[in-house]
Amino acid sequence: MSKKKIITLFLACLSGFLLYTGQAKAICACEQAAPEVQEAAADAIFIGKTIGPTEAAGNGIWTTLVVESMKKETEAAKIIMAATVMPGEQRVRIAQRLSNCNFVFEADKTYLVYAIIAQSEKGVGYLSTGQCAGTKEITEEPQAQEDLPEQKSEEQTENKGQ
């Protein structure tokens with residue numbers, strides 16, 4: 001065997017091994033849609049905190065979140081979400097088929113989740129998301145951001161009246 005063939009064979013085996021062990025990550029190819037498009041496409045939009053890491057399950061992964069607030073919920077999403085109500089809190093399970101475009105949630109972090117309804121092979125609906133859906137980690141308290149402009153406008157109104 002020539003030196004070139006040996007190197008090619010070695011690199012092919014190495015890349016196969018890396019793919020098998022999950023060390024090589026393929027790039028997710030999607031175009032980020034405008035926020036309005038992502039919102040329109042979503043069946044549910046909510047802020048949720050993970051209660052554990054993303055876990056493997058069969059040919060997919062799933063994550064359970066505690067819903068802190070709902071932004072949007074279709075009738076079909078309400079039915080799916082009602083299946084995971086726990087005493088004192090609303091939980092949501094997000095499932096994703098294995099792909100290069102999975103969104104990986106981390107334990108004990110808060111996310112703005114854009115979820116769509118997907119169908120299992122048996123026709124059962126479930127909520128799913130991905131890197132292209134608009135889901136993202138929230139690093140600051142969203143309530144504080146929303147209240148800030150309102151507080152300023154109230155202060156400005158009070159100052160104008162004095």
Side-chain angles (χ1 to χ4, degrees), residues 8 10-86 88-149:
T8 303
F10 172 75
L11 291 175
C13 290
L14 179 62
S15 65
F17 174 76
L18 290 175
L19 286 172
Y20 175 75
T21 61
Q23 300 300 313
K25 303 232 187 232
I27 297 172
C28 174
C30 68
E31 293 182 27
Q32 289 293 342
E36 304 82 35
V37 174
Q38 291 172 333
E39 186 173 330
D43 290 299
I45 302 172
F46 61 92
I47 294 174
K49 184 174 183 174
T50 56
I51 59 172
T54 297
E55 298 182 38
N59 64 344
I61 57 175
W62 58 271
T63 306
T64 303
L65 300 100
V66 174
V67 176
E68 294 179 357
S69 66
M70 288 298 302
K71 305 291 183 184
K72 177 185 176 183
E73 188 177 29
T74 63
E75 288 301 316
K78 278 183 189 180
I79 294 168
I80 293 170
M81 293 177 82
T84 52
V85 174
M86 302 298 287
E89 63 186 27
Q90 169 70 50
R91 291 187 182 182
V92 174
R93 182 171 280 178
I94 299 292
Q96 302 173 74
R97 290 187 178 126
L98 291 178
S99 83
N100 297 332
C101 296
N102 288 133
F103 187 91
V104 179
F105 293 91
E106 294 181 43
D108 298 318
K109 293 202 176 184
T110 303
Y111 296 89
L112 174 61
V113 180
Y114 287 75
I116 61 163
I117 296 174
Q119 297 286 324
S120 71
E121 292 172 1
K122 295 180 180 179
V124 178
Y126 63 91
L127 291 177
S128 188
T129 193
Q131 291 180 22
C132 306
T135 297
K136 61 185 172 188
E137 181 184 356
I138 297 176
T139 54
E140 296 179 22
E141 289 296 319
Q143 195 67 26
Q145 292 175 351
E146 293 172 3
D147 288 346
L148 194 58

**Message:** Does Gln119, at its CD atom, have more than 12 non-hydrogen atoms belonging to other residues, nucleotides or ligands within less than 6.0 Å?
**Reply:** yes
**Fill in**
Between the CD1 atom in Ile138 and the NZ atom in Lys49, the distance rounded to the nearest 0.5 Å is 12.0 Å
**Message:** Could you check whether any side-chain N or O of Asn59 sits under 3.5 Å from a backbone N or O of Arg97, counting only pairs where one atom can act as donor and the other as acceptor?
**Reply:** no
**Message:** Within the structure provided, determine whether Met70 and Gln90 are in side-chain contact (heavy-atom separation under 4.5 Å).
**Reply:** no
**Item:** Heavy-atom check, side chain of Ile61 versus side chain of Leu98, under 4.5 Å
**Value:** yes
**Message:** Keeping Ser128 on the side-chain end and Ala95 on the backbone end, is there a donor-acceptor pair under 3.5 Å?
**Reply:** yes
**Request:** May I ask you to check if the distance between the SG atoms of Cys28 and Cys101 is under 2.5 Å?
**Result:** yes
**Fill in**
dist Thr64:OG1 -> Phe105:CZ (nearest 0.5 Å) comes out at 10.5 Å
**Request:** Using atom types as modelled and distance alone, determine if a side-chain donor or acceptor of Thr50 lies under 3.5 Å from a backbone N or O of Asp108.
**Result:** yes
**Request:** Give a yes or no answer on whether the side chain of Tyr114 reaches the backbone of Cys132 with a donor-acceptor pair at less than 3.5 Å.
**Result:** no
**Request:** Report yes or no: does Gln131 contribute a side-chain atom to a donor-acceptor pair with the main-chain N or O of Cys30 at less than 3.5 Å?
**Result:** no
**Message:** For Ile47 versus Leu112, what's the shortest heavy-atom pair and its separation?
**Reply:** CG1-CD1, 4.0 Å
**Asked** Taking side chain as C-beta onward, heavy atoms only, is Phe103 less than 4.5 Å from Tyr111?
**Response** yes
**Request:** Rounded to the nearest 0.5 Å, what's the gap from CD1 on Ile116 to OG1 on Thr74? Could you check?
**Result:** 11.0 Å
**Asked** If only atom types and distance count, is the side chain of Lys72 paired as donor or acceptor with the main-chain N or O of Glu39 below 3.5 Å?
**Response** yes
**Request:** Could you check if a side-chain atom of Arg93 sits within less than 4.5 angstrom of a side-chain atom of Leu127, using non-hydrogen atoms only?
**Result:** no
**Item:** Contact summary for Val92 and Phe46, nearest pair of heavy atoms
**Value:** CG1-CZ, 3.8 Å
**Asked** Are the side chain of Thr63 and the backbone N or O of Ile94 linked by a donor-acceptor pair below 3.5 Å?
**Response** no
